[in-house]
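Just so we're clear, the structure is a prediction, and the values are computed from it rather than from any experiment.
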Amino acid sequence: MVDMLMLLVGEAMAPLLTRLYYNSGGNSLWMVTLAQSAGAPLLVIPFLLTPRAAAVGEPRPAPAASKMVAICVALGLVVGCDNLMYSYAMLYLPVSTFSLLAATQLAFNAVTSRLINAQRFTPLVVNSVVVLTFSAALLGVDDPSSSSSVGGGAGGDAVQRGKHAAGVVLTLSASAVYALILSLFEATFDKVIGTATPRWVLKMQISTNAVAATVSATALFASGEWRTIGGEMAAYAATVVGVAVGWQAATLGAVRLIARVSSLFANVTGTLALPMVPVLAVALFGDKMTGTKVVAMLMAVWGFLSYVYQHYLDGRRAAAREGRVHAAAGCGICTDQMNYS
């Protein structure tokens, strides 16, 4: 329950605070990108306080350190690229449009889970993928002038349309990469580490985010943006810190749910924040809730509910199988006792 709450609060809070940063005059893309991973040191204290899990059964040998370093560096680089795409997307799009488009990560995750984690496709999953795809397509062809203006400069309808199109492409690309990251985390826990203890979850989260933050900080200094952030940090320090905490809470909640259940379930839970962000964006930033956005939101919720119902059916089947196994075991014991008598 705590994991789900962290994911939901983080998923709702981080995009809204990022939009607040841009709307208030902040213009450092690399600062926003860095903030998405810079909260990793906050997890060091819970990592140190988390006891090692007692071994159950025959202990599995720990994975080679060189292999884990390579995996964490590779995942961290991918996370850093994904963070940069999200930073550009949130600059170019109203937060309501961004959040609705980001829901397509559920559809992308269905594909990556099938290819990487051997999750099965069902009619309900296919329905969800199709509905979310059409939802994204609606937002992609929506008139950007019908939404509130976004930060990063204007310059006419052509420029606004170009930024809107770029924002749509970047959001969809970032959502696909995020879905891939979740599936790769799940594959790492299942096939490389062989366990998903709280310490391993925290270790993976800290390591990958440290790599992503290092890449973002390097780019921040290489681009020269660091010269302008002195004044920004004084004005927007609380906002940037909030962005860092929000993304870290969302990511930690997602990784813990991956370890406990699956990447697909983590994505489904994150999509629960879908209806909240557009509504809050209308109240806080004056985003216009157009008819297209309403239809897209309803379609996205429909896709989400398809996933939830499929998860419910899978849970019932698993419980029924477990009940049959227990019943068969009980019958076997009774038979053995009768034969003994």
Side-chain angles (χ1 to χ4, degrees), residues 1-22 31-47 75-76 78-80 82-87 89-90 93 95-96 98-106 108-109 171 174-175 177-179 181-182 185-186 198 201-202 204-210 212-213 216 236-281 283-285 300 304:
M1 190 66 176
V2 175
D3 302 335
M4 297 175 70
L5 186 62
M6 284 195 302
L7 178 56
L8 289 172
V9 172
E11 287 275 0
M13 183 175 79
L16 290 170
L17 288 177
T18 302
R19 170 49 53 199
L20 177 62
Y21 168 80
Y22 285 137
M31 174 57 70
V32 174
T33 304
L34 175 61
Q36 294 178 51
S37 298
L42 297 173
L43 304 178
V44 172
I45 294 176
F47 173 75
L75 281 174
V78 177
V79 169
D82 194 47
N83 290 346
L84 180 61
M85 286 191 286
Y86 274 132
S87 298
M90 285 184 281
L93 294 175
V95 69
S96 55
F98 167 82
S99 64
L100 291 170
L101 281 170
T104 55
Q105 67 192 33
L106 198 57
F108 289 122
N109 195 219
T171 305
S175 299
V177 173
Y178 181 71
I181 290 169
L182 294 184
F185 265 105
E186 183 177 352
V201 170
L202 288 168
M204 287 290 296
Q205 175 72 1
I206 293 170
S207 302
T208 54
N209 275 269
S216 301
Y236 315 127
T239 303
V240 173
V241 170
V243 171
V245 172
W247 282 120
Q248 209 57 223
T251 309
L252 179 60
V255 174
R256 285 176 61 88
L257 286 174
I258 290 170
R260 292 170 181 264
V261 189
S262 70
S263 62
L264 203 55
F265 182 79
N267 229 326
V268 170
T269 302
T271 312
L272 269 172
L274 168 69
M276 296 187 293
V277 177
V279 173
L280 290 172
L284 297 175
F285 305 122
F304 162 74

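In this structure, the side chains of S37 and V79 come closer than 4.5 Å at one or more pairs of heavy atoms. The side-chain heavy atoms of F108 and Y178, taken from C-beta on, include no pair separated by under 4.5 Å. In this structure the side chain of M31 reaches within 4.5 angstrom of the side chain of Y21, judged on heavy atoms. Residues W247 and N83 form no side-chain contact, since every pair of their non-hydrogen atoms from C-beta on lies 4.5 Å or further apart. At least one side-chain heavy atom of Y22 sits less than 4.5 Å from a side-chain heavy atom of V32. You'll find the side chain of L284 stays beyond 4.5 Å of the side chain of V95, heavy atoms only. At a threshold of 4.5 Å between non-hydrogen side-chain atoms, the residues L16 and F285 count as touching.
Scanning all heavy atoms of the two residues, the minimum distance from S99 to S96 falls at OG-O, 2.9 Å. When all heavy atoms of V245 and M13 are compared, the closest pair comes out as C-CE, 4.2 Å. Minimum interatomic distance between L93 and R19 (heavy atoms only, all atoms of both residues): O-NH2, 3.0 Å. Nearest heavy atoms, I206 versus A40: CG1-O, 4.0 Å. Considering every non-hydrogen atom in both V243 and A35, the closest pair reads CG1-CB, 3.9 Å. Between G39 and A244 the shortest heavy-atom distance is N-CB, 4.3 Å.
Atom-to-atom distance recorded for M6:CE and T251:OG1 is 10.0 Å, nearest 0.5 angstrom. Here the CE-CG distance, from M204 to L43, works out to 13.5 Å after rounding to the nearest 0.5 Å. Atom OG in S207 sits 10.0 Å away from atom CG in L75 (nearest 0.5 Å).
With sequence neighbours left out, F185 forms a ring-ring contact (aromatic ring centres under 6.0 Å, His included) with no residue at all. For the side chain to side chain donor-acceptor pair (under 3.5 Å) test, residues two or more places apart in sequence or in another chain that qualify with T33 are S87.
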May I have the step-by-step check of side chain to side chain contact (heavy atoms under 4.5 Å, CB included) for L252 and L202, ending in yes or no? CA-CA 8 Å; L252 179 60; L202 288 168; 3.8 Å; yes
Report the C-alpha distance between Q105 and V177 in whole Å, list the side-chain angles of each, state the deciding distance to 0.1 Å, and finish with yes or no for side chain to side chain contact (heavy atoms under 4.5 Å, CB included). CA-CA 8 Å; Q105 67 192 33; V177 173; over 6 Å; no
Determine, step by step, whether Q36 and Q248 satisfy the side-chain hydrogen bond (donor to acceptor under 3.5 Å, both in side chains) criterion, reporting the C-alpha distance in whole Å, the side-chain angles of both residues, the deciding distance to 0.1 Å, and the verdict. CA-CA 7 Å; Q36 294 178 51; Q248 209 57 223; over 6 Å; no
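Within the 3.5 Å criterion, the main-chain N or O of Q205 finds a donor-acceptor partner in the side chain of N209. At distances below 3.5 Å, at least one donor-acceptor pair connects side-chain atoms of T104 with backbone N or O atoms of L101.
Listed by first then second residue, pairs satisfying salt bridge (charged side-chain N to carboxylate O under 4.0 Å, His left out) with a partner in residues 246-257 read D3-R256, not counting sequence neighbours.
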